[in-house]
Structure formats: structure tokens, C-alpha cells
Amino acid sequence: MFKRKLLKDVNRDMNETSPAKCPQCGNLMADMGLDFKAPASKDIKSWQHVKSLYSVGITFHSCGCTGPGYIPADRERLIAFLREKMLAFQQQLAFWRARVAPGDKAARDREISKSWEYLAKIPRVRRSKKEAVSNEEAKKYWLERIYEVEQKLSLVEGQ
């Protein structure tokens with residue numbers, strides 16, 4: 001019998017035991033993802049923007065197929081992006097506040113065909129295939145999302 005040696009770069013389930021440190025200054029580095037292209041070390045404005053992106057949870061992680069998605073190019077676009085997201089979440093909340101829950105299967109089927117874009121945005125873990133989504137659960141979900149975006153906006157606007 002021989003032991004199989006596990007390689008950290010091959011076995012992605014292994015936990016990192018030591019934090020990554022900058023080779024120049026020795027400070028801890030943030031995991032921005034494989035798609036991240038670092039700005040020049042002297043470009044302070046770009047590094048401040050990277051810090052803002054990281055502080056609100058926007059990183060350059062992807063599977064490699066489609067890229068990381070939309071990444072705002074500067075602080076103003078980041079604020080506009082977060083405000084658009086907030087508006088979309090508020091529209092979702094308005095739908096759920098005005099919604100009358102369907103009483104039977106036929107009403108539920110009509111609602112699915114008419115309002116699928118609202119129903120589908122509730123994560124699967126919060127909805128059931130057999131039952132209609134509860135208005136209270138959906139309102140709670142969207143209020144949590146709105147609160148998260150408000151927190152992120154206050155972080156970015158305060159910088």
C-alpha cells in the first residue's frame with residue numbers, strides 16, 4: 001500500500017492553513033478571484049476603487065466560462081449599480097405587499113403564468129413546489145436584501 005499525496009492546487013476542498021501575504025509589504029491580501037487584474041501599484045485611485053468593490057462583496061470570481069459578471073468601473077458607477085439594485089428590490093417588495101395569495105391550484109397556475117418573474121426571484125430554499133410562496137416570507141426576504149444594499153451603499157458613500 002502506498003499513500004496518495006494530496007496537492008493543494010488539485011484538491012480544492014482543502015482549507016488554506018496560512019493567510020496569503022503581499023510579497024511587497026507583507027500585509028494580508030484579499031481573495032479577489034482569478035479574473036482580477038491588479039492595477040499598477042502607484043494607481044491609488046484604482047486601488048481605492050478595488051477596496052470599495054471588496055467592501056461590498058464584489059469580486060472577480062467565476063467558473064471561467066462567462067467571467068465574473070458586471071463590475072462597476074469606478075465609485076460613481078458602483079453607487080449607481082447599488083441604487084439600481086435597491087430599486088429592483090423595492091419593486092419586488094411592492095409586488096409582495098400588494099399580492100393576494102392564490103386560494104386554489106387554478107389561481108396558483110394563473111399567478112405563475114402572470115407573475116413568474118416575481119415568483120422565480122425567491123430562492124428555491126425559501127419556496128416549495130407544492131405550496132405558494134408566503135407573502136410574509138417573501139416580504140422578509142426582500143427587506144433583508146434591501147437592508148444589505150443600504151449597508152453597502154452607506155459603506156461606499158462614506159468612503
Side-chain angles (χ1 to χ4, degrees), residues 12-13 15-16 19-20 22 27-159:
R12 303 201 193 301
D13 294 331
N15 292 329
E16 184 68 33
C22 174
N27 288 332
L28 291 178
M29 293 192 304
D31 181 7
M32 292 301 289
L34 293 174
D35 297 324
F36 177 66
K37 304 284 186 272
S41 58
K42 294 179 182 175
D43 188 354
I44 303 300
K45 185 176 180 183
S46 293
W47 279 108
Q48 285 294 345
H49 180 61
V50 169
K51 181 180 176 184
S52 294
L53 291 173
Y54 186 74
S55 71
V56 297
I58 296 176
T59 59
F60 298 77
H61 292 278
S62 73
C63 66
C65 302
T66 58
Y70 176 67
I71 305 285
D74 54 34
R75 184 175 178 271
E76 292 73 29
R77 290 182 189 158
L78 177 58
I79 290 170
F81 172 73
L82 291 172
R83 286 187 178 152
E84 286 174 25
K85 198 174 232 190
M86 173 115 57
L87 181 61
F89 292 172
Q90 289 169 340
Q91 290 170 342
Q92 287 284 335
L93 181 60
F95 167 82
W96 289 99
R97 284 182 171 160
R99 175 183 179 247
V100 176
D104 58 7
K105 185 177 176 357
R108 183 171 180 252
D109 290 343
R110 280 192 303 276
E111 181 185 51
I112 289 171
S113 67
K114 180 182 171 190
S115 304
W116 63 269
E117 67 274 5
Y118 293 102
L119 301 170
K121 296 225 173 155
I122 301 293
R124 288 186 188 267
V125 296
R126 297 239 180 159
R127 57 188 161 107
S128 166
K129 289 183 179 181
K130 296 179 182 175
E131 297 177 20
V133 178
S134 143
N135 286 356
E136 292 307 312
E137 191 62 32
K139 287 188 280 188
K140 180 180 173 190
Y141 174 77
W142 289 113
L143 285 169
E144 288 170 0
R145 302 292 79 74
I146 290 168
Y147 178 74
E148 287 172 7
V149 173
E150 285 173 345
Q151 295 297 105
K152 292 175 180 182
L153 260 172
S154 67
L155 265 175
V156 173
E157 289 175 336
Q159 292 178 350

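Counting only heavy atoms from C-beta outward, the side chains of L153 and I79 approach each other to under 4.5 Å. In this structure the side chain of R145 never reaches within 4.5 angstrom of the side chain of V149, judged on heavy atoms. Residues E150 and F89 are not in side-chain contact: their nearest non-hydrogen atoms beyond the backbone lie 4.5 Å or more apart. Contact check for L78 versus I58: side-chain heavy atoms found under the 4.5 Å cut-off. Inter-residue side-chain proximity for D31 and T59 is flagged as unmet; no heavy-atom pair is nearer than 4.5 Å.
In terms of heavy atoms, Y118 sits closest to Q91 at CE2-O, 4.1 Å. What you find for P102 and R108 is that their closest heavy atoms are CB-N, 3.5 Å. Closest non-hydrogen pair, R77 versus Y70, comes out as CB-OH, 4.0 Å. Pairing each heavy atom of P39 with each of S46, the nearest pair is CB-CB, 3.6 Å. Between A138 and I122, the shortest heavy-atom distance links the atoms CB-CD1, 3.8 Å.
The stretch residues 39-63 participates, sequence neighbours left out, in no salt bridge (Lys or Arg N to Asp or Glu O under 4.0 Å) pair at all. The stretch residues 34-59 participates, sequence neighbours left out, in these ring pair (Phe, Tyr, Trp, His ring centres under 6.0 Å) pairs: F36-F60.
Residues satisfying the side-chain hydrogen bond (donor to acceptor under 3.5 Å, both in side chains) criterion with N135, sequence neighbours excluded, are R99. Residues meeting the salt bridge (charged side-chain N to carboxylate O under 4.0 Å, His left out) test with D74, sequence neighbours left out: none. The side-chain contact (heavy atoms from CB on, under 4.5 Å) test applied to N27 returns C25, not counting sequence neighbours. In terms of the side-chain contact (heavy atoms from CB on, under 4.5 Å) criterion, residue partners of L28 (sequence neighbours excluded) are, by chain and number, P19, K21. Q48 pairs by the side-chain hydrogen bond (donor to acceptor under 3.5 Å, both in side chains) definition with nothing, not counting sequence neighbours. Applying the salt bridge (charged side-chain N to carboxylate O under 4.0 Å, His left out) criterion to R83, with sequence neighbours excluded, gives E157. The salt bridge (charged side-chain N to carboxylate O under 4.0 Å, His left out) check on E84 picks up nothing, with sequence neighbours excluded. In this structure, K85 has no salt bridge (charged side-chain N to carboxylate O under 4.0 Å, His left out) partners at least two apart in sequence or on a different chain. Under the rule for a side-chain contact (heavy atoms from CB on, under 4.5 Å), A88 has no partner lying at least two apart in sequence or in another chain. Qualifying side-chain contact (heavy atoms from CB on, under 4.5 Å) partners for R97, counting only residues two or more places apart in sequence or in other chains: L93, K139, L143.
The distance from atom NZ of K37 to atom CD1 of I71, rounded to the nearest 0.5 Å, is 12.0 Å. Note that the NZ atom of K121 and the OH atom of Y141 stand 10.0 Å from one another [nearest 0.5 Å]. In this structure, CH2 on W142 lies 9.5 Å from CH2 on W96, to the nearest 0.5 angstrom.
Between the side chain of S134 and the backbone N or O of E137, at least one donor-acceptor pair lies under 3.5 Å. Under the 3.5 Å distance criterion, the side-chain polar atoms of S113 are matched with a main-chain donor or acceptor of R110.
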